[in-house]
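Counting begins at 1 with the first residue of the sequence. Side-chain atoms are counted along with the backbone in the values below, which use heavy atoms only and exclude waters and symmetry mates. Just so you know, these numbers come straight off a predicted model, no measurement behind them.
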Amino acid sequence: MIYQGNAITVARSNESGSEDIATLTFDHQGESVNTLSSAVIAELSDAVKAIQAESGLKGLVLASGKEAFIVGADITEFQAMFGKGAEFLESMLRQVHDIFNAIEDLPFPTVTAINGLALGGGCEILLTTDFRVMGDKAKIGLPETQLGILPGWGGCVRLPRLIGADNAIEWIAGGTQNKADVALKVGAVDAVVTNDQLAAAALDILARANAGELDYEARRAEKKQPLKLNAIEQMMAFETAKGYVAGKAGPHYPAPIEAIKAIQKGAGEERARAQAIETKAFGKLAMTEVAYNLVGLFMNDQVVKKKGGKFEKQAQPIKQAAVLGAGIMGGGIAYQSASKGTPILMKDIKEEAVQLGLKEARKLFTKQVERKKFTTEQMAEKLANIRPTLSYGDFGHVDLVVEAVVENPKVKEAVLAEVEAVVSEETILASNTSTISITRLAQNLKRPENFCGMHFFNPVHRMPLVEVIRGEKTSDAAVAATVAYARAMGKTPIVVNDCPGFLVNRVLFPYFGGFSLLMEQGADYQRVDKVMEKFGWPMGPAYLLDVVGMDTAVHAGEVMAEGFPERMGSLGGSGDKSAIQVMYDNDRLGQKNAKGFYAYEEDRKGKPKKVSDEQAQALVKQVAKAEREFSDDEIVARMMVPLCLETVRCLEDGIVETPAEADMALIYGIGFPPFRGGALRYIDAMGVAEFVKLAEGLAEELGPLYAPTDKLRKMADSGERFYSQDQG
């Protein structure tokens, strides 16, 4: 044994029994995956020094003892490291460069055996070796730009020299995970084999390199020299890429463009200088709020997944599901279940509704075939998982039923009581309601402990969030089963407690309340939309209301007004009609009837395209009690403060358990700008005291919707935050 650590071992003997080849194996004891934490990097430094001191070696294999190779750096350490400043980070990066360069400079050929996922730092370390062999099911990539940073351990230097600038830009700016066939095609790896052949293939490459068949020194030299592009080729490659990537990434995500710039600046340099450029660029990006928030987002996502996993372990898998109510929503739920492998019955009382549901499912499957996600055969197989029915005949064997009938409490109560009578005593019932109290819907059920909410967001196939709502009598078993089913459907479930609107809609409607107040005071809704889209929302509030549907918004608004009369009594700021109500009264329902705050025409792809509408503008002017110009900052404050305050209240009221779950629900459920990290992280970024001061100023003029809670005021006074500085 050359070296023995907690995460790394280096041994001379290997499968061939050859004593002149060393194998460095990453196999972190007590961990399910390998990550490159600071402790592992320290071990790697010691391991490389031990290899350098060893005599008689003719080759090195990098390998993994886990199912994945290395999934990346330890992201849980990022927030604390970023908090130490750019100089600290750059010093740390230089130390890692020294270790990686030492591997690259070993006096014998080196090869990596990639047996599974090799991402981020895990991908950067395999770039240090002269050769790479890859398992046919493995994937490699550099996803750092998705965290608001760039590859900082040599990825921006080595990858372009290995696969060319164009391919490297695509991998790095896109943050993609690349399959073995793609990696082989562009030259990122030298061979693709099955995992059981990896070790033999790696040894074969080393033998050929030592025999002079493969020139490992030439390979190595190419990675250390400037990129072989002349000035015109460089300009075409980089400037074209920057224009395209800027259009895709948008103004709020600087990392992809900064990565291209780092590659470009380092293109004409040798290894040391190019790495110094990369290091500087990493330090600059790591200091941005975007990076802090995106890393926090990753950490929050891990919290949500971990909690979902705990629930899932407590539940039996759902082998047969059912959905009550076909149509677009029912068809979407049936498609999602069937596409992920859980058979589902789709029941309605009308044949035409069943056919509409099947048509929706077929349409979604056809799109997946067109995108080459499924073959036609797979589509037929998965479509067979949906069984349409007009009766309850087969419901005796169903494990979980999703009720997705109209958003009317009386209808839902009747349907739920009806289905409860025909299913087994263990069957879980879940209502896909967006606003109606789960405790109320459970009142007439014989087994309320088996009932909970399962709120899907529209369109079901695109929106990742499912709210699992616990009523007063809902059992842990019902919650666990519903969470397990949501995860099996490929969704991200977040468990919340019952209240009007639950979490996401309860938080969204004060945002609409802020919009209604702006309309009442004479703001131009098209300008409000532009300001909020510039702020980072995928669509402004008027456009969002058109997508939601004015009838849905009015109904949900009534539920909110009843539940929270002081803050949301009218959602219009007074006893007069709000702009939303006026739209509804004039049959301007939004996209569903092609007229709302905007008019809608079909574009070339048959999708609704919004256009300005004078009639809508005239109707909104009737609501205005004054004409007033608002600055961009005023509009943002008027819209964001009520939303953020309601998120705080949901946390304080125990509707949601953690800040991480609250923020992820808003990002996954209503498109809260991810680079801002969520409502609670947005408050932290502003400073709780500063936010409270802003809210109090607005509350004096605009009332309770803008009033901070007592607890939030205390947080401001004591300098507390929702997230600690080094917390993801």
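- One N or O on the side chain of D663 and one on the backbone of A679 form a donor-acceptor pair closer than 3.5 Å.
- F365 and F374 have tilted rings, their planes meeting at an angle from 30° to 60° on a 0 to 90° scale.
- Side-chain N or O atoms of N115 include none that pairs as donor or acceptor with a backbone N or O of L198 at under 3.5 Å.
- Residues Q52 and A102 approach most closely at NE2-CB, 3.7 Å, considering heavy atoms.
- Not one N or O on the side chain of E54 forms a donor-acceptor pair closer than 3.5 Å with the backbone of I2.
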How far apart are the C-alpha atoms of N34 and F69, what are their side-chain angles, what is the distance that settles it, and do they pass the side chain to side chain contact (heavy atoms under 4.5 Å, CB included) test?
CA-CA 7 Å; N34 289 320; F69 178 68; over 6 Å; no

Side chains of residues 133-153: which donor-acceptor pairs under 3.5 Å do they make with residues two or more places apart or in other chains?
{"unit_1": "T145", "atom_1": "OG1", "unit_2": "I172", "atom_2": "O", "d": "3.0"}
{"unit_1": "T145", "atom_1": "OG1", "unit_2": "A173", "atom_2": "O", "d": "3.4"}
{"unit_1": "Q146", "atom_1": "NE2", "unit_2": "G175", "atom_2": "O", "d": "3.2"}

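- Applying side-chain hydrogen bond (donor to acceptor under 3.5 Å, both in side chains) to R158 and the options E124, E104, E222 leaves one that passes, E104.
- The existence of a salt bridge linking E258 and K261 is confirmed by a sub-4.0 Å separation between a basic side-chain nitrogen and an acidic carboxylate oxygen.
- Partners of F82 according to the ring-ring contact (aromatic ring centres under 6.0 Å, His included) rule, which considers only residues two or more places apart in sequence or in another chain, are F78.
- For R681 and Y723, the positive end sits near the middle of the six-membered ring, less than 6.0 Å away and at most 45° from its axis.
- Within 6.0 Å of the CE atom in M236, the count of heavy atoms belonging to other residues, nucleotides or ligands does not exceed 12.
- Under 4.0 Å is where a charged nitrogen must lie from a carboxylate oxygen, and between E270 and R273 no such pair does.
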